[in-house]
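Here the structure is laid out as structure tokens; the discussion comes afterwards.
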Amino acid sequence: MTSRPKVMVNILHIGTIHAGLESMVIQWAKEYSDRYEFELFLPSARPIPNNRNKVAKQFIEGDWDILFMFDEDNQPIVNPFSMLLHDVDVVGGVYPGRFTKGFNFHVFDLDKKKYPKEIFFNFVPSDRREGLQKVDAVATGCIAVKRNVIEKMYKKNMAPFEELYDKYGIMITSDDMAFCLKCMKLDIPVYADWNVLVDHMKETSLLKCIELIGRAAKSGKAEINVADELNGL
């Protein structure tokens with residue numbers, strides 16, 4: 001009988017976890033327990049890149065096959081462990097975030113005309129927002145990473161998760177984008193699974209949301225580009 005792949009599941013947090021996420025993760029794991037063996041951890045080290053790297057080190061020092069990470073404010077609306085069935089090195093669920101011109105999903109293509117002189121990411125266009133898609137970068141709030149990925153980074157003396165800064169100490173890009181850049185350097189493909197939508201739980205003003213939705217409805221536009229009015233969100 002073939003042994004089931006071992007999955008190290010982590011809900012990363014800094015003191016609190018959104019209500020229900022732990023029980024949801026446990027239930028989702030049960031639905032795939034015939035295929036995979038799951039073990040759940042709740043790491044809370046700070047800052048976040050330090051937490052991720054501690055998780056990665058514990059992962060490598062154990063005998064797990066797949067590292068699965070959730071951020072405590074990312075709640076999938078479907079079972080995210082379905083991503084494991086793709087059997088790819090790196091795959092992430094997709095969730096929205098606030099940017100300078102409104103909201104968009106944390107799924108990106110690297111602007112290769114500017115790279116490596118500049119590191120700049122573009123949002124994946126709408127015609128590539130379905131099913132499993134090869135991309136240049138995904139956020140790490142809901143992500144599955146195979147063991148060989150971390151092993152390759154360690155062999156190259158790479159810390160998997162670290163923010164990149166310029167010589168003035170100004171951040172160039174976040175630890176999750178930097179992780180994906182390292183994958184690119186090591187010829188490790190990164191995928192986004194648009195079937196795994198994830199809610200990004202943030203405190204916000206409901207009145208402001210109602211106002212913005214109303215404006216979008218009146219204009220007939222799906223996108224809301226009102227950056228100056230998002231300060232309260």
Side-chain angles (χ1 to χ4, degrees), residues 12 47-53 56 67 69-71 73-74 83 86 88-146 149-150 152-153 156-194 196-200 202 204 212 216 221-231 233:
L12 285 76
I48 292 173
N50 173 54
N51 200 8
R52 294 198 193 285
N53 284 320
L67 171 61
M69 291 188 292
F70 298 92
D71 285 353
D73 61 348
N74 292 129
M83 294 194 298
H86 297 306
V88 295
D89 286 335
V90 179
V91 58
V94 301
Y95 54 90
R98 174 188 165 185
F99 299 90
T100 55
K101 294 184 178 181
F103 301 97
N104 219 312
F105 288 98
H106 288 283
V107 185
F108 305 94
D109 287 330
L110 179 67
D111 191 328
K112 295 181 174 64
K113 292 182 179 179
K114 297 180 179 180
Y115 184 78
K117 187 175 181 180
E118 292 182 49
I119 297 175
F120 187 82
F121 290 94
N122 298 308
F123 298 117
V124 167
S126 56
D127 62 349
R128 290 170 50 222
R129 296 185 182 182
E130 60 179 5
L132 185 70
Q133 296 284 343
K134 188 177 182 300
V135 297
D136 288 333
V138 292
T140 53
C142 178
I143 195 169
V145 180
K146 280 191 175 183
V149 174
I150 306 298
K152 287 179 180 179
M153 291 185 180
K156 294 292 185 178
N157 294 317
M158 294 178 173
F161 304 97
E162 58 181 343
E163 295 164 342
L164 297 183
Y165 294 86
D166 67 13
K167 64 181 180 180
Y168 303 106
I170 299 171
M171 190 169 75
I172 299 172
T173 194
S174 62
D175 61 304
D176 39 9
M177 298 297 99
F179 169 77
C180 293
L181 284 174
K182 291 171 185 176
C183 288
M184 186 181 300
K185 290 178 180 179
L186 296 173
D187 294 320
I188 298 170
V190 173
Y191 292 87
D193 188 345
W194 289 91
V196 178
L197 292 177
V198 181
D199 199 354
H200 205 176
K202 297 292 182 183
T204 188
L212 295 177
K221 296 180 180 179
E223 295 183 1
I224 303 174
N225 290 327
V226 283
D228 293 340
E229 300 186 44
L230 293 174
N231 292 327
L233 291 178

P125 meets the side-chain contact (heavy atoms from CB on, under 4.5 Å) criterion, sequence neighbours left out, with D109, D127, R128

Here the ring pair (Phe, Tyr, Trp, His ring centres under 6.0 Å) pairs for residues 164-186, sequence neighbours left out, are F161-F179

With heavy-atom distances below 4.5 Å as the criterion, would you say the side chains of H86 and Y191 are in contact? no

Does V124 offer a backbone N or O that forms a donor-acceptor pair with the side chain of R129 under 3.5 Å? yes

How far does CG of D89 sit from CG of D187, to the nearest 0.5 angstrom? 11.0 Å

Test item: P47 and E163 side chains (from C-beta on) under 4.5 Å apart, heavy atoms: no

So, for M158 and L186, which heavy atoms are closest and what is the spacing to 0.1 Å? SD-CD1, 4.0 Å

Is the shortest side-chain heavy-atom distance between V90 and P189 below 4.5 Å? no

List for me each residue that meets side-chain contact (heavy atoms from CB on, under 4.5 Å) alongside Y115, sequence neighbours excluded, and say none if there are none. L110, I119, L181, K185

Atom of V94, atom of A192 and distance for their closest heavy-atom approach: CG1-CB, 4.0 Å

Quick one: CE on M171 to CG on D166, what's the gap to the nearest 0.5 Å? 11.0 Å

Please round to the nearest 0.5 Å and tell me the distance separating atom CG of L132 and atom NZ of K134. 11.0 Å

Using 0.5 Å steps for rounding, measure from the CE atom of M69 to the CG atom of L12. 6.5 Å

Note, D175 side chain near E162 side chain (heavy atom, < 4.5 Å): no

If you draw a 6.0 Å radius around NZ in K112, do more than 12 non-hydrogen atoms from other residues or ligands fall strictly inside? yes

Ion pair check, R52 and D71, cut-off under 4.0 Å: yes

To the nearest 0.5 angstrom, please state how far the CZ atom of F108 sits from the SG atom of C180. 9.5 Å

Backbone of F70 reached by a side-chain donor or acceptor of N74 within 3.5 Å: no

Would you name the heavy atoms of C183 and M153 that are closest together and state the gap between them? SG-CE, 3.7 Å

Interatomic spacing from CZ in F105 to OH in Y95 - rounded to 0.5 Å: 12.0 Å

The side-chain hydrogen bond (donor to acceptor under 3.5 Å, both in side chains) partners of K152 (sequence neighbours excluded) come to none

Please report the shortest heavy-atom distance between M177 and A137, naming the atom on each side. SD-CB, 3.7 Å

State which residues pass side-chain contact (heavy atoms from CB on, under 4.5 Å) with D176; sequence neighbours excluded, sorted by chain then number. A139, T140, S174

Should V91 and I143 count as side-chain neighbours, where that means a heavy-atom distance under 4.5 Å? no

Identify, with sequence neighbours excluded, every residue that meets side-chain contact (heavy atoms from CB on, under 4.5 Å) alongside K167. none

Between A56 and P160, what is the shortest heavy-atom contact and its length? CB-CG, 4.3 Å

